[in-house]
Participant: 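Before we start, here is the structure in question, set down as structure tokens.
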Amino acid sequence: MVLGAGRGPLVRAALKAAQSAEKNIKVYAVEKNPGALVTLYNLQVEEWGDSVTIVPGDMRLWNAPEKADILVSELLGSFGDNELSPECLDGAQMFLKPGGISIPTSYTSYLAPICCPKLYSEVCLYRDKEKGTALTSYETPYVVLLTNMNVLAEPQCCFTFVHPNNDVPINNQRYTCLQFGVKDSTLLHGFAGYFEALLYKDIMLSIHPKTHSEGMFSWFPIYFPIHSPVYVQRSTTIKTHFWRCSSSSKVWYEWCLSSPDILPIHNSNGRSSWIGL
């Protein structure tokens with residue numbers, strides 16, 4: 001089963017892999033975007049035929065007629081879990097046979113403190129244009145190509161999700177406290193976020209600077225700003241707290257700083273930015 005089939009690239013890849021392995025397979029392509037469904041139906045008529053069944057709708061609500069040997073999805077965001085991959089795959093894992101394979105099998109987000117005056121000024125300018133509160137632009141994560149910035153310390157692990165998820169009960173809320181040692185005096189403007197995904201066995205997909213997948217440009221890093229820049233003296237520790245929160249209708253991130261200065265919790269209760277379920 002291909003979950004979130006889009007316009008068909010993973011379906012094509014699954015069929016090509018089956019052809020290379022000289023295996024006959026049946027593919028269910030689940031997609032809820034009406035625009036993408038038009039393309040999928042055309043491909044079914046012109047190329048795929050009966051080997052692919054198009055399923056229009058939300059993967060979490062679909063009642064599958066049979067269980068799958070393999071679930072394949074591409075629901076990752078720049079922070080790994082920021083496009084609801086955990087919630088979607090947890091809802092769909094009931095379609096997987098016992099001992100079946102989920103691709104990806106896991107993904108981990110990473111954070112690093114950064115100095116980025118140009119990007120921070122863009123956030124300040126954006127505040128004057130948007131219609132939210134004075135804090136909205138400083139409490140919204142941005143997917144950006146990070147240039148003209150300085151990473152102050154090596155990225156550290158933030159949140160990890162594994163599929164299939166065998167936890168009882170399943171809880172995708174997370175909290176972490178990270179401490180970064182800074183060698184030189186500088187200004188802190190926020191945090192850069194990255195992810196690593198383990199697709200199957202040792203096959204990995206990454207935008208982490210040290211393990212970045214060669215030739216892969218599908219994702220840019222994510223930027224978490226702070227309310228105001230913080231001066232950090234050399235040999236000082238930056239201590240930050242990050243939460244992944246959820247309710248019945250949305251998922252959001254909260255973050256704050258407790259060292260070297262104390263900054264309040266950003267995006268409390270998802271007041272400025274969230275992802276709807």
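Scope of the values below: all heavy atoms of this structure, side chains included, with no hydrogens, waters or symmetry mates.
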Participant: Looking at Y138 versus Y120, is the centre-to-centre ring distance below 6.0 Å?
Facilitator: yes
Participant: Between the side chains of T176 and H241, is a donor N or O closer than 3.5 angstrom to an acceptor N or O?
Facilitator: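 No.
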Participant: Answer yes or no: is there a side-chain heavy-atom contact under 4.5 Å between W48 and L15?
Facilitator: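 They are in contact (side-chain heavy atoms under 4.5 Å apart), so the answer is yes.
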Participant: Under a single-linkage definition using a 4.5 Å side-chain heavy-atom cutoff for Ile, Leu, Val, Met, Phe, Trp and Tyr, are I103 and L10 assigned to the same hydrophobic cluster?
Facilitator: yes
Participant: Taking all non-hydrogen atoms of both residues, which atom of I207 and which atom of S78 are closest, and how far apart?
Facilitator: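 In terms of heavy atoms, the two residues are closest at CD1-O, 3.5 Å.
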Participant: Sub-3.5 Å donor-acceptor pair from the side chain of T105 to the main-chain atoms of Y200, do we have one?
Facilitator: no
Participant: Taking all non-hydrogen atoms of both residues, which atom of V11 and which atom of A29 are closest, and how far apart?
Facilitator: CG2-CB, 3.9 Å
Participant: Show, in sequence, the C-alpha distance, side-chain angles and deciding distance for E196 and Y110, and conclude whether the side chain to side chain donor-acceptor pair (under 3.5 Å) test is met.
Facilitator: CA-CA 8 Å; E196 287 180 346; Y110 290 81; 2.9 Å; yes
Participant: Could you check whether any side-chain heavy atom of S106 comes within less than 4.5 Å of a side-chain heavy atom of H163, counting everything from C-beta outward?
Facilitator: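 The answer is no, as the side chains (C-beta and beyond) never meet within the 4.5 Å cut-off.
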Participant: So how far is it from M149 CE to K118 NZ, rounded to the nearest 0.5 Å?
Facilitator: 13.0 Å
Participant: Go through the steps to decide whether F224 and Y142 satisfy the test ring-ring contact (aromatic ring centres under 6.0 Å, His included), and finish with yes or no.
Facilitator: CA-CA 7 Å; F224 292 90; Y142 301 91; 9.6 Å; no
Participant: So which heavy atom on R244 is nearest to which on N172, and how close?
Facilitator: NH1-O, 3.2 Å
Participant: For residues 58-71, tabulate all N or O donor-acceptor pairs below 3.5 Å that involve a side-chain atom, not counting sequence neighbours.
Facilitator:
unit_1, atom_1, unit_2, atom_2, d
D58, OD1, R60, N, 2.8
D58, OD1, R60, NE, 3.1
D58, OD2, R60, NE, 3.4
D58, OD2, R60, NH2, 2.9
E66, OE2, Y28, OH, 2.6
K67, NZ, M94, O, 2.4
D69, OD1, K97, NZ, 3.2

Participant: Say whether L145 and F191 are linked into one hydrophobic cluster, either directly or through other cluster members, by side-chain heavy-atom distances under 4.5 angstrom.
Facilitator: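 Yes, same cluster.
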Participant: Over all heavy atoms of both residues, which pair between Y107 and S85 is shortest? Give the atoms and the distance, please.
Facilitator: OH-OG, 2.9 Å
Participant: Step by step, work out the side chain to side chain contact (heavy atoms under 4.5 Å, CB included) result for I25 and V27.
Facilitator: CA-CA 6 Å; I25 64 169; V27 178; 3.6 Å; yes
Participant: Between L43 and R12, is any pair of side-chain heavy atoms under 4.5 Å apart?
Facilitator: yes
Participant: Is the NZ or CZ atom of R174 positioned over F161's six-membered ring, under 6.0 angstrom from the centre and within 45° of the axis?
Facilitator: yes
Participant: What residues, two or more places apart in sequence or in another chain, satisfy side-chain contact (heavy atoms from CB on, under 4.5 Å) together with S213?
Facilitator: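 L205, S206, M216.
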Participant: Using the ring-ring contact (aromatic ring centres under 6.0 Å, His included) rule, take H212 and Y194 through it: C-alpha gap first, then chi angles, then the decisive distance, then the call.
Facilitator: CA-CA 10 Å; H212 197 287; Y194 313 94; 9.0 Å; no
Participant: State the CG-OG1 distance between L188 and T240, to the nearest 0.5 angstrom.
Facilitator: 8.5 Å
Participant: Would a 4.5 Å heavy-atom cut-off, applied to side chains only, mark L75 and L84 as touching?
Facilitator: no
Participant: When rounded to the nearest 0.5 angstrom, what distance separates CG in D90 from CG in N171?
Facilitator: 10.0 Å
Participant: Would you confirm whether Q93, through its side chain, and F95, through its main-chain N or O, come within 3.5 Å as a donor-acceptor pair?
Facilitator: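 No; zero donor-acceptor contacts below 3.5 Å.
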Participant: Tell me whether S185 contacts the main-chain N or O of R234 through its side chain, where contact means a donor paired with an acceptor under 3.5 Å.
Facilitator: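 It does hold such a pair.
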Participant: Could you work out, with ring pair (Phe, Tyr, Trp, His ring centres under 6.0 Å) as the rule, every residue matching W274, not counting sequence neighbours?
Facilitator: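 With sequence neighbours excluded, W274 shows a ring pair (Phe, Tyr, Trp, His ring centres under 6.0 Å) to no residue whatsoever.
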Participant: Are W252 and F79 co-members of a hydrophobic cluster defined by side-chain heavy atoms under 4.5 Å apart?
Facilitator: no
Participant: Side chain to side chain contact (heavy atoms under 4.5 Å, CB included), that's the test. Do D81 and V251 meet it? Break it down for me.
Facilitator: CA-CA 10 Å; D81 58 86; V251 173; 5.9 Å; no
Participant: What are the two closest non-hydrogen atoms of C245 and Q173, and how far apart are they?
Facilitator: CA-OE1, 3.8 Å
Participant: Ignoring hydrogens and angles, tell me if any N or O in the side chain of N42 forms a donor-acceptor pair with the backbone of T39 under 3.5 Å.
Facilitator: no
Participant: Quick one: pull up CG in N82 and OG in S109 and give me the separation to the nearest 0.5 Å.
Facilitator: 9.0 Å
Participant: Take L76 and E83 through the test side chain to side chain contact (heavy atoms under 4.5 Å, CB included) and record every step on the way to the result.
Facilitator: CA-CA 6 Å; L76 298 172; E83 293 187 4; over 6 Å; no
Participant: Applying the 4.5 Å side-chain criterion to the ILVMFWY set and letting contacts propagate, would I170 and L96 be lumped into a single cluster?
Facilitator: no
Participant: Output yes when a side-chain donor or acceptor of D167 lies under 3.5 Å from a complementary backbone atom of P169, and no otherwise.
Facilitator: no
Participant: Any side-chain to backbone donor/acceptor pair from T140 onto S137? Under 3.5 Å, distance only.
Facilitator: no
Participant: Do V38 and V52 sit in the same hydrophobic cluster, where Ile, Leu, Val, Met, Phe, Trp and Tyr count as joined when their side-chain heavy atoms come under 4.5 Å apart?
Facilitator: no
Participant: Work out which heavy atom in V144 is nearest to a heavy atom in F220; give both atom names and the distance.
Facilitator: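 It is O-CB, 3.2 Å.
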Participant: Can you give the donor-acceptor pairs under 3.5 Å from side chains of residues 151-159 to other protein atoms, not counting sequence neighbours?
Facilitator:
unit_1, atom_1, unit_2, atom_2, d
E154, OE1, K210, NZ, 3.2
E154, OE2, K210, NZ, 3.3
Q156, NE2, Q179, O, 2.7

Participant: Heavy-atom count around K32 NZ within 6.0 Å, excluding the residue itself: above 12?
Facilitator: no
Participant: Start with the C-alpha gap between I114 and N150, add the side-chain angles, then the distance that decides, and say whether side chain to side chain contact (heavy atoms under 4.5 Å, CB included) holds.
Facilitator: CA-CA 6 Å; I114 58 174; N150 182 28; over 6 Å; no
Participant: Please report the interatomic distance CG(L277) to OG(S248), rounded to the nearest 0.5 Å.
Facilitator: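 Here the rounded value is 8.0 Å.
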Participant: If you define the side chain from C-beta out and look only at heavy atoms, does anything of I238 sit under 4.5 Å from V232?
Facilitator: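 A side-chain contact exists here, since the closest heavy-atom pair is under 4.5 Å.
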Participant: Who are the side-chain contact (heavy atoms from CB on, under 4.5 Å) partners of Y41, not counting sequence neighbours?
Facilitator: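 Partners of Y41 by the side-chain contact (heavy atoms from CB on, under 4.5 Å) criterion, ordered by chain and then number, come out as L37, Q44, I54, P56.
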Participant: Would you mind writing out the side-chain donor-acceptor pairs for residues 260-269 within the sub-3.5 Å range, not counting sequence neighbours?
Facilitator:
unit_1, atom_1, unit_2, atom_2, d
H266, ND1, W255, O, 3.2
H266, ND1, P264, O, 2.8
H266, NE2, H227, N, 2.9
N267, OD1, R271, N, 3.4
N267, OD1, S272, N, 2.8
N267, OD1, S273, N, 3.0
N267, ND2, Y253, O, 2.8
N267, ND2, S273, O, 2.9
N267, ND2, S273, OG, 3.3

Participant: How long is the span from the OG atom in S102 to the CG atom in L198, to the nearest 0.5 Å?
Facilitator: 10.5 Å
